[in-house]
A.B. asks: 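Pasting a structure here, questions to come.
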Amino acid sequence: MKTTTNQTFWMRLVSWLIQVDRILRGDVTRPDGDNRVEINIPVVGVSVVVILLGVAYGFCMGVFALIHGVEISAYHRALMQTFASMCKVPLLFSLTLVITFPSLYVFNALLGSQLRVFAVLKLLVASLAVNLAVLASMGPILAFFSASTPNYPFIVLLNVVLFAIAGALGLGFLLQSLNRLSATVGLSSDSPAASTTKLETTFDTDEANPEASAEGITIVATAVTSPKASPHGPVAGPLDRPRSMMLSGHVKKVFVCWLIVFGMVGAQLGWILRPFIGSPDMPFTWFRSRQSNFFQAVFDTFWNLFSVLS
């Protein structure tokens, strides 16, 4: 019975990984033949994969403490720091989703979208899947630099850069998905789905006067539009904006406002949940005292890094 349960779990996990792969390839948000987009993903399953990807990147963040843990003090503290990072990375993104979800739904409603609460939730979970997939894929890069340098400020800034790259791609996916789901579809003249013209010729003939029949020729042009894209054309990716969907200026402004909110919330949450890496000069602790803020800390880290280099 236990073996059957384990097999069922692994089969479900594989199916959830396939769903995440479909999100990354743009299959989930690609319009069908009728230019309709509907995100059909298992929210719980994709959320499980998101948590596992966060755990994987958290382990890569803990590599710095594992490799330099003997030099810090006791090695078990390095193990605790790694375990803490593996827990905190998924917690960071989960709390960010909970805090920013209401604002995304309200902003989306202001744009005139007909998306309901659950549809917006599925879209946000899909964007987090893109974010964590990119972040976890760069985890080996972080582990490599953690193993090759003992410079703690450099590793902190490298994490900030990797988080920024993953966040930009995840939010880009969210923007284009909102564009596909909310924008009015129109066909451009140079797109594969553009209208074609069919010429219909009618003859008003007169057998008694053949020469006059030429004057009765009437040409009728009928526009025939087809919403289906050419099967031989390039396939749009999840970050591509379809040429037939135009994003208006106010949509961009509203999305930029929400992007700023999302970035500030995520950055400050990361600062509250620190430490993620573990400073060699400080003992292990689950959370540090709440002082300063994320942006001042980044500036101070830059200053310390350049002071070391000089």
Side-chain angles (χ1 to χ4, degrees), residues 12-13 15-30 37-61 85-108 113 115-139 142 159-182 237-239 255-270 272-273 276:
R12 289 182 178 179
L13 181 60
S15 66
W16 296 337
L17 289 171
I18 293 175
Q19 292 296 326
V20 173
D21 183 72
R22 291 181 63 243
I23 294 173
L24 295 175
R25 295 180 183 275
D27 295 338
V28 174
T29 57
R30 186 173 297 123
V37 178
E38 184 178 358
I39 298 181
N40 291 319
I41 58 171
V43 175
V44 176
V46 174
S47 299
V48 171
V49 176
V50 167
I51 292 174
L52 293 178
L53 291 173
V55 170
Y57 187 80
F59 175 78
C60 294
M61 294 184 76
S85 300
M86 293 169 66
C87 295
K88 288 181 180 180
V89 173
L91 182 62
L92 169 64
F93 285 92
S94 300
L95 291 177
T96 304
L97 183 144
V98 171
I99 294 174
T100 59
F101 173 71
S103 61
L104 175 62
Y105 178 75
V106 172
F107 285 12
N108 182 66
S113 173
L115 296 180
R116 300 303 178 185
V117 176
F118 192 62
V120 177
L121 177 61
K122 290 195 294 184
L123 181 60
L124 192 53
V125 170
S127 67
L128 285 182
V130 175
N131 195 335
L132 266 300
V134 174
L135 194 62
S137 68
M138 295 187 293
L142 175 63
N159 271 279
V160 173
V161 172
L162 296 182
F163 269 90
I165 294 173
L169 293 177
L171 292 174
F173 168 86
L174 179 63
L175 173 61
Q176 298 307 333
S177 299
L178 282 173
N179 187 19
R180 288 181 169 92
L181 291 166
S182 304
L239 300 179
F255 183 81
V256 167
C257 292
W258 184 84
L259 187 149
I260 294 174
V261 171
F262 183 89
M264 293 181 64
V265 169
Q268 190 62 21
L269 267 177
I272 294 174
L273 294 176
F276 284 86

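Numbers here simply count residues along the sequence, with the first being 1. These figures come from a predicted structure and were not determined experimentally.
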A.B. asks: Compare all side-chain heavy atoms of Tyr57 with those of Leu162 and state whether any distance is below 4.5 angstrom.
C.D. replies: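 Yes, at least one pair of side-chain atoms sits under 4.5 Å.
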A.B. asks: If only atom types and distance count, is the side chain of Ser85 paired as donor or acceptor with the main-chain N or O of Phe276 below 3.5 Å?
C.D. replies: yes
A.B. asks: Which value, rounded to the nearest 0.5 Å, describes the distance between Thr100 atom OG1 and Leu95 atom CG?
C.D. replies: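 The OG1 atom of Thr100 sits 10.5 Å away from the CG atom of Leu95.
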A.B. asks: Decide yes or no for Leu135 and Leu53: does some side-chain heavy atom of the first lie under 4.5 Å from some side-chain heavy atom of the second?
C.D. replies: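 Leu135 does not reach Leu53 side chain to side chain.
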A.B. asks: Step through the shown structure and confirm whether more than 12 heavy atoms of other residues, nucleotides or ligands are within 6.0 Å of CZ on Phe59.
C.D. replies: no
A.B. asks: Could you please spell out the steps behind the side chain to side chain contact (heavy atoms under 4.5 Å, CB included) verdict for Leu92 and Phe163?
C.D. replies: CA-CA 12 Å; Leu92 169 64; Phe163 269 90; 4.0 Å; yes
A.B. asks: If I take atom CG from residue Leu97 and atom CZ from residue Phe262, how far apart are they, to the nearest 0.5 angstrom?
C.D. replies: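 Here the rounded value is 7.5 Å.
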A.B. asks: How many angstroms lie between atom CG of Asp21 and atom CG of Asp27, to the nearest 0.5 angstrom?
C.D. replies: 8.0 Å
A.B. asks: State the CD1-CG distance between Ile165 and Asn131, to the nearest 0.5 angstrom.
C.D. replies: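 Going from the CD1 atom of Ile165 to the CG atom of Asn131 covers 11.5 Å.
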A.B. asks: Testing Leu121, Leu123, Leu128 one by one against Val125 for a side chain to side chain contact (heavy atoms under 4.5 Å, CB included), which residue passes?
C.D. replies: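 Looking at Leu121, Leu123, Leu128, the match for Val125 under the side chain to side chain contact (heavy atoms under 4.5 Å, CB included) is Leu121.
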A.B. asks: Are any of the side-chain heavy atoms of Leu52 and Trp16 separated by less than 4.5 Å?
C.D. replies: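 Not in contact.
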A.B. asks: Can you find a heavy atom in the side chain of Phe93 that is under 4.5 Å from one in the side chain of Val89?
C.D. replies: yes
A.B. asks: Can you give me the closest heavy-atom contact between Ala129 and Val46, atom names plus distance?
C.D. replies: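 Closest heavy-atom pair between Ala129 and Val46: CB-CG1, 3.9 Å.
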A.B. asks: Has Ser127 got a side-chain atom pairing as donor or acceptor with Leu124's backbone, closer than 3.5 angstrom?
C.D. replies: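 Pair found, side chain donor or acceptor close to backbone of Leu124.
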A.B. asks: Would you indicate whether the side-chain heavy atoms of Trp258 and Leu171 approach each other to under 4.5 Å?
C.D. replies: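 They are in side-chain contact.
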A.B. asks: OG of Ser137 to CG of Leu132: how many Å apart, nearest 0.5 Å?
C.D. replies: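 One gets 10.5 Å once the value is rounded to the nearest 0.5 Å.
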A.B. asks: On a heavy-atom basis, which atom in Ile41 and which in Gln19 lie closest, and how many Å separate them?
C.D. replies: CG2-OE1, 4.3 Å
A.B. asks: Hey, what do you get for OG1 (Thr96) to CG (Leu269), rounding to the nearest 0.5 Å?
C.D. replies: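 It is 4.5 Å, given to the nearest 0.5 Å.
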A.B. asks: Could you tell me which non-hydrogen atom of Val43 sits nearest to which non-hydrogen atom of Lys122, and how far apart they are?
C.D. replies: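 That closest heavy-atom pairing would be CG2-CG, 3.3 Å.
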